[in-house]
Amino acid sequence: MAETIIEPIENFGLSDKDRKKSLFSKIGVVGCGKDGRNIVRLTASAGLEVTFIEISQEKIDYALDKISTDLDTKIEGWGLTPGEKRMVMGRIKGSTDFAALKNCDFVIECVRYDESTGERSTPQRKEAFKNIENVVSPKAIIATNATTVIISELASELQHKDRCVSMHFPVAHAEAKLLEVVKGIYTSEEVYQQVLLFAKLIKYDTIEVHESSGLVSLRLLVIILNEACQMMMENVAAMESIDKMFEVVYGMRLGIFQMADIVGIEKIVSLMEDMFDEYGDKKYKPSPVLWRLYRTKQLGVSSGKGFFIYENGKPVRANIFI
């Protein structure tokens, strides 16, 4: 009788131990306000598993509900099927515990702005970075979506500084698929190249930006917005006419005032103050019109009233009480 040879089956199959992990198998997002929801939705729509962190279960439920509503809008526009929506939502999980990010290989800090003050301080972001580093592997990339904070400052107190990077997702238009990527003093070339690969996975183009408060997108936006406010104050033209000029002549999908309402007046005022503190140039000082809206809580689409009056998120008429 022939001798039976027994060999471990692991030598002939794929085990979890031997299976190679894909580079972006799981994405983490810290903070799921408007910016965070945008990142969660687009990464999950690209087929990636996403876990986001919020401060309470109530905030988690709200974020999931808003993401679901955004996807319903795409269904209504024939850009998504109900089955595809279920698949996208199935890739999204929320948690109040940073430990849920343990297996993430890419985490994006997106600490939400205070809806009443517009503030989002650097110390909060630094604390978020430390909490992320405490749970993820040394090879995991840690990024911020901030525009006025220098990534090298956020990375300066971490053990593995070379894996930190800044990347900004524009939110004024959902189809503006352009990502600003910032290499800090410590950022390694390997990490930068991995971020470029991530952008390709979610079908975004990239531009490299050197460390500077406001990057490119915000610095352009606020200067144009301030000048538009000045023209309105001088009665050079009506607000609707300025917006129409911006759209038609320069080929923009939205007018500058409507764009400001979408971004959020509280966020714009806060960021402009950050840039004014950084550069000391009065061109970054918020216009009196912006301050008037901010102080009266007319914050744009989120509050239903900003430069325009909104119904169901759509502008219906100009706000004559600015």
Side-chain angles (χ1 to χ4, degrees), residues 29 31-42 45 54 59 61-77 79-80 110-120 145-148 168-178 217-218 220-222 224-226 228-229 232 238-247 252-273 286-287 289-322:
V29 177
C32 211
K34 181 166 62 177
D35 292 7
R37 290 194 300 270
N38 179 52
I39 296 171
V40 169
R41 177 181 52 77
L42 70 89
S45 298
E54 261 297 354
K59 294 287 188 182
D61 294 339
Y62 178 79
L64 290 171
D65 181 65
K66 292 291 286 184
I67 293 169
S68 177
T69 301
D70 289 343
L71 293 174
D72 286 337
T73 302
K74 291 183 70 73
I75 292 174
E76 293 169 3
L80 197 71
C110 201
V111 174
R112 65 194 300 131
Y113 279 81
D114 186 296
E115 293 179 358
S116 60
T117 67
E119 294 179 354
R120 182 168 66 168
N145 186 52
T147 52
T148 60
H168 177 236
F169 292 80
V171 296
H173 198 292
E175 300 305 316
K177 296 184 179 296
L178 186 63
S217 58
L218 186 63
L220 288 174
L221 172 68
V222 300
I224 296 171
L225 179 59
N226 256 357
C229 288
M232 187 170 64
M239 184 169 62
E240 303 96 318
S241 299
I242 296 171
D243 256 14
K244 185 175 182 180
M245 176 70 70
F246 194 67
E247 292 178 52
M252 302 297 178
R253 295 196 180 193
L254 299 169
I256 187 64
F257 294 117
Q258 190 180 345
M259 194 179 300
D261 280 346
I262 292 173
V263 174
I265 304 302
E266 77 286 9
K267 180 176 177 180
I268 289 174
V269 168
S270 176
L271 292 173
M272 290 182 74
E273 285 296 318
S287 162
V289 175
L290 290 169
W291 276 115
R292 195 179 308 155
L293 290 171
Y294 174 74
R295 288 170 176 145
T296 55
K297 307 301 181 186
Q298 300 179 81
L299 306 179
V301 177
S302 63
S303 65
K305 184 182 292 186
F307 285 102
F308 291 91
I309 308 287
Y310 293 84
E311 293 180 3
N312 299 319
K314 304 292 183 182
V316 291
R317 61 184 181 278
N319 182 2
I320 62 173
F321 299 106
I322 295 177

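Side chains are part of it too, since the values below use all heavy atoms of this structure and drop only hydrogens, waters and symmetry mates.
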Set of side chain to side chain donor-acceptor pair (under 3.5 Å) partners for [X], sequence neighbours left out:
X: Asp243; result: none
X: Thr296; result: Gln298
X: Ser303; result: none
X: Asp72; result: Lys85

Sequence neighbours left out, what passes side chain to side chain contact (heavy atoms under 4.5 Å, CB included) with [X]? Give chain and number order.
X: Ser241; value: Ala237, Ala238
X: Glu76; value: none
X: Leu220; value: Val216
X: Ala63; value: Cys32, Arg37, Phe52

**Request:** Could you tell me whether the side chain of Ile39 reaches within less than 4.5 Å of the side chain of Cys110, counting heavy atoms only?
**Result:** yes

**Within-4.5 Å side-chain heavy-atom neighbours: Tyr294 and Ile268** = no

**Contacts of type ring pair (Phe, Tyr, Trp, His ring centres under 6.0 Å), residue Phe308, not counting sequence neighbours** =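 Listed in chain order: nothing, the list is empty.
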
**Request:** State which residues pass ring pair (Phe, Tyr, Trp, His ring centres under 6.0 Å) with Phe169; sequence neighbours excluded, sorted by chain then number.
**Result:**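 So Phe169 forms a ring pair (Phe, Tyr, Trp, His ring centres under 6.0 Å) with Tyr204.
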
**Request:** Using salt bridge (Lys or Arg N to Asp or Glu O under 4.0 Å) as the criterion, list what pairs up with Glu273, not counting sequence neighbours.
**Result:** Lys285

